[in-house]
Amino acid sequence: MAEPTVFERIVAREIPAEIVLETDRIIAFTDIAPQAPMHVVVTPKTSQYRDVVELAAGDPHLMAEMVQAAQAIARERAEGDFRLVFNTGELAGQTVFHVHAHVLAGALREGSLA
């Protein structure tokens, strides 16, 4: 049996996090190493999907919920504008293999990664 991911441990409240939004299926919390003035991670509570490709194929409604959560967070914290980033695979920068999105906002410029 695999070790629980850091996100599963946050959901279980084993690791503290600044939770900014939570539903029955999604949790969102501030990133501990922010890459923008506003940086929130949105992830499903289930660890069933390793990346966004698996999520889109397996539960597109859950993926839509994640996008809606990102929009709600951006409206509340960043005047509604945001960048949504899904890293898919180790070579793309994914370090936690439990699908998640980074919601970034605040003085971002086209062509920048943060």
Side-chain angles (χ1 to χ4, degrees):
M1 187 169 190
E3 290 276 323
T5 67
V6 65
F7 299 152
E8 288 174 279
R9 294 184 67 207
I10 289 171
V11 169
R13 305 304 199 263
E14 294 173 7
I15 295 176
E18 181 188 339
I19 297 169
V20 299
L21 185 147
E22 186 170 12
T23 70
D24 290 342
R25 299 191 341 140
I26 292 171
I27 192 165
F29 47 89
T30 58
D31 194 290
I32 61 168
Q35 301 298 304
M38 198 251 344
H39 186 168
V40 172
V41 175
V42 178
T43 188
K45 290 181 175 179
T46 179
S47 62
Q48 180 178 355
Y49 307 104
R50 290 175 46 88
D51 58 45
V52 69
V53 175
E54 288 184 9
L55 176 62
D59 192 342
H61 294 290
L62 181 56
M63 184 173 170
E65 287 179 44
M66 290 179 65
V67 174
Q68 291 167 350
Q71 182 181 35
I73 291 163
R75 281 185 181 145
E76 180 180 308
R77 295 176 167 244
E79 299 179 30
D81 295 338
F82 66 101
R83 181 175 293 168
L84 190 60
V85 177
F86 289 90
N87 298 326
T88 303
E90 189 174 339
L91 296 177
Q94 187 176 6
T95 57
V96 179
F97 293 90
H98 175 146
V99 65
H100 60 285
H102 297 268
V103 185
L104 306 164
L108 301 175
R109 300 283 177 245
E110 184 68 32
S112 71
L113 293 177

Work out which heavy atom in [X] is nearest to a heavy atom in [Y]; give both atom names and the distance.
| X | Y | answer |
| --- | --- | --- |
| M38 | A78 | CE-CB, 4.3 Å |
| A74 | F82 | CB-CD2, 3.4 Å |
| E65 | R25 | OE2-NH2, 2.9 Å |
| D51 | Q94 | CB-OE1, 3.9 Å |
| P44 | H98 | O-NE2, 2.8 Å |
| M66 | V42 | CE-O, 3.2 Å |

For this session: Take the angle between the ring planes of F7 and H100 and call it parallel below 30°, perpendicular above 60°, tilted in between.
Result: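 Geometry flag for H100 against F7: perpendicular rings.
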For this session: Taking the side chain as every heavy atom from C-beta outward, state whether T46 and V11 have any atom pair closer than 4.5 Å.
Result: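 Sidechains of V11 and T46: no contact.
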Honestly curious: do [X] and [Y] fall in one hydrophobic cluster under the side-chain, below-4.5 Å linking rule?
| X | Y | answer |
| --- | --- | --- |
| V6 | L55 | no |
| V85 | V52 | no |
| F97 | V53 | no |
| V41 | I26 | no |
| V103 | F86 | yes |

Atom [atom1] of [X] and atom [atom2] of [Y]: how far apart are they, to the nearest 0.5 Å?
| X | Y | atom1 | atom2 | result |
| --- | --- | --- | --- | --- |
| T43 | H102 | OG1 | NE2 | 9.5 Å |
| I73 | Q68 | CD1 | CD | 12.0 Å |
| E18 | T30 | CD | OG1 | 4.0 Å |

In this structure, are over 12 heavy atoms from other groups packed under 6.0 Å from [X] atom [atom1]?
| X | atom1 | value |
| --- | --- | --- |
| I32 | CD1 | no |
| E22 | CD | yes |
| E90 | CD | no |

For this session: Would you check, one step at a time, whether the test side chain to side chain contact (heavy atoms under 4.5 Å, CB included) holds for R13 with I19?
Result: CA-CA 10 Å; R13 305 304 199 263; I19 297 169; 3.5 Å; yes
Exercise. Between E54 (side chain) and R50 (backbone), is there a donor-acceptor pair under 3.5 Å?
Worked result: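 Present.
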